[in-house]
Amino acid sequence: MTVIWERPQERPFEAQADRPYILLNAAMTLDGKIATQSGDSKISSEEDLVRLHHLRADVDAVVVGIETILADDPQLMVYRVKGRNPDRVILDSAARTPTEAKVLSAKAGRTIIAVTESAPKTRVDDLLRAGAEVIVAGSGDRVDLRLLMNRLSGKGIRRILVEGGGNVNWGLLELGLVDEIRVAVAPVIVGGREAVTLVEGKGFDKVHDGIKLALQRIEQYGEDLVLTYRPAKEKDEE
Ligand SMILES: NC(=O)c1ccc[n+]([C@@H]2O[C@H](COP(=O)([O-])OP(=O)(O)OC[C@H]3O[C@@H](n4cnc5c(N)ncnc54)[C@H](OP(=O)(O)O)[C@@H]3O)[C@@H](O)[C@H]2O)c1
């Protein structure tokens, strides 16, 4: 790893009172995709995967959306480096996580499925039998992210790593719940209108209304550039 640039006075880590610190990490092609149109998401270099596993070992929980579980069936464990396995949290309003998903067979740490009140009880029971913990977060169409984060705080979770996908990224960013973003930019372009981008969702109409960020660091891992951002504060713009 090479540090290419660092903000002279990086802001210190600021813990939140009512929710965990939330770090969003992703690997992205130069054209902003986190998977190809057919769902291939193997974008990171080996060096970047090692960086990701260090990040996992450094947090209390990893959060992903149900579509990422269905597309990639990830284990979300730490195995490329030595370290503690974090809990795994899946945003899954309707309790669609397959009972044979690898994330449920992980031996260390808890697997927590966040659902809404409308999730079918039979599916919730299946997931409980498969060893998951279930948190009911809200009665709306989707998991109430503020409520969930508050509940996760209550379970002793202080630091969270969000590993996507694009809809989950939007859900958290839209609510101002992201404290830090790290994006590995791989030197490849895949195109495709249907390919999932770093941030999906409804989006903003005006650039002016977008979420303003302040660059903190530029590093190189293999051929990937890793950019670290924090939400901008007025003093960053001075
Ligand atoms: N390159 C990378 O770093 C990387 C990392 C992760 C994923 N990926 C790729 O990203 C793709 C999946 O991304 P995606 O955007 O389609 O799906 P996603 O973000 O993984 O999952 C979205 C789903 O999460 C559920 N959800 C529940 N509550 C939510 C809330 N409050 N806000 C947002 N979502 C909520 C919704 O399904 P329900 O309504 O059923 O609950 C929603 O459709 C896959 O191809 C995967 O390979 C790439």
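Both backbone and side-chain heavy atoms feed into the values below; hydrogens, waters and symmetry mates do not. Order of appearance sets the numbers: ligands from 1, and atoms from 1 within every ligand.
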With the criterion set at N/O pairs under 3.5 Å, what does the list of contacts between the protein and ligand 1 look like, atom names and distances included?
from	atom 1	to	atom 2	distance (Å)
ligand 1	1 (N)	Ala27	O	2.9
ligand 1	1 (N)	Ile34	O	3.0
ligand 1	3 (O)	Ala27	N	2.9
ligand 1	15 (O)	Gly166	N	3.1
ligand 1	15 (O)	Asn167	N	2.8
ligand 1	15 (O)	Asn167	ND2	2.9
ligand 1	19 (O)	Gly165	N	3.1
ligand 1	19 (O)	Gly165	O	3.4
ligand 1	19 (O)	Asn167	N	3.3
ligand 1	19 (O)	Val168	N	3.0
ligand 1	20 (O)	Thr68	N	3.0
ligand 1	20 (O)	Thr68	OG1	2.6
ligand 1	20 (O)	Gly165	N	3.1
ligand 1	21 (O)	Glu67	N	3.4
ligand 1	28 (N)	Val143	N	3.2
ligand 1	31 (N)	Val143	O	3.0
ligand 1	40 (O)	Arg96	NE	3.3
ligand 1	40 (O)	Arg96	NH2	2.8
ligand 1	41 (O)	Ser93	N	2.8
ligand 1	41 (O)	Ser93	OG	2.5
ligand 1	43 (O)	Arg142	NH2	3.0
ligand 1	47 (O)	Ser41	OG	3.3
ligand 1	47 (O)	Asp72	OD1	3.0
ligand 1	47 (O)	Asp72	OD2	2.7

Review point. For Asp179 and Gln16, does a side-chain donor sit closer than 3.5 Å to a side-chain acceptor?
Key: yes
Practice item. Could you check if a side-chain atom of Arg182 sits within less than 4.5 angstrom of a side-chain atom of Leu55, using non-hydrogen atoms only? Key: yes
Practice item. Verify, without hydrogens or angle tests, whether Arg56 (side chain) and Met77 (backbone) share a donor-acceptor contact under 3.5 angstrom. Key: yes
**Study point:** Side-chain touch Arg96/Leu70, heavy atoms, less than 4.5 angstrom
**Key:** yes
**Study point:** Straight-line distance of Leu152 CG to Ile135 CD1, nearest 0.5 Å
**Key:** 4.5 Å
Review point. Does Thr36 reach the side chain of Lys42, with side-chain heavy atoms less than 4.5 Å apart?
Key: no
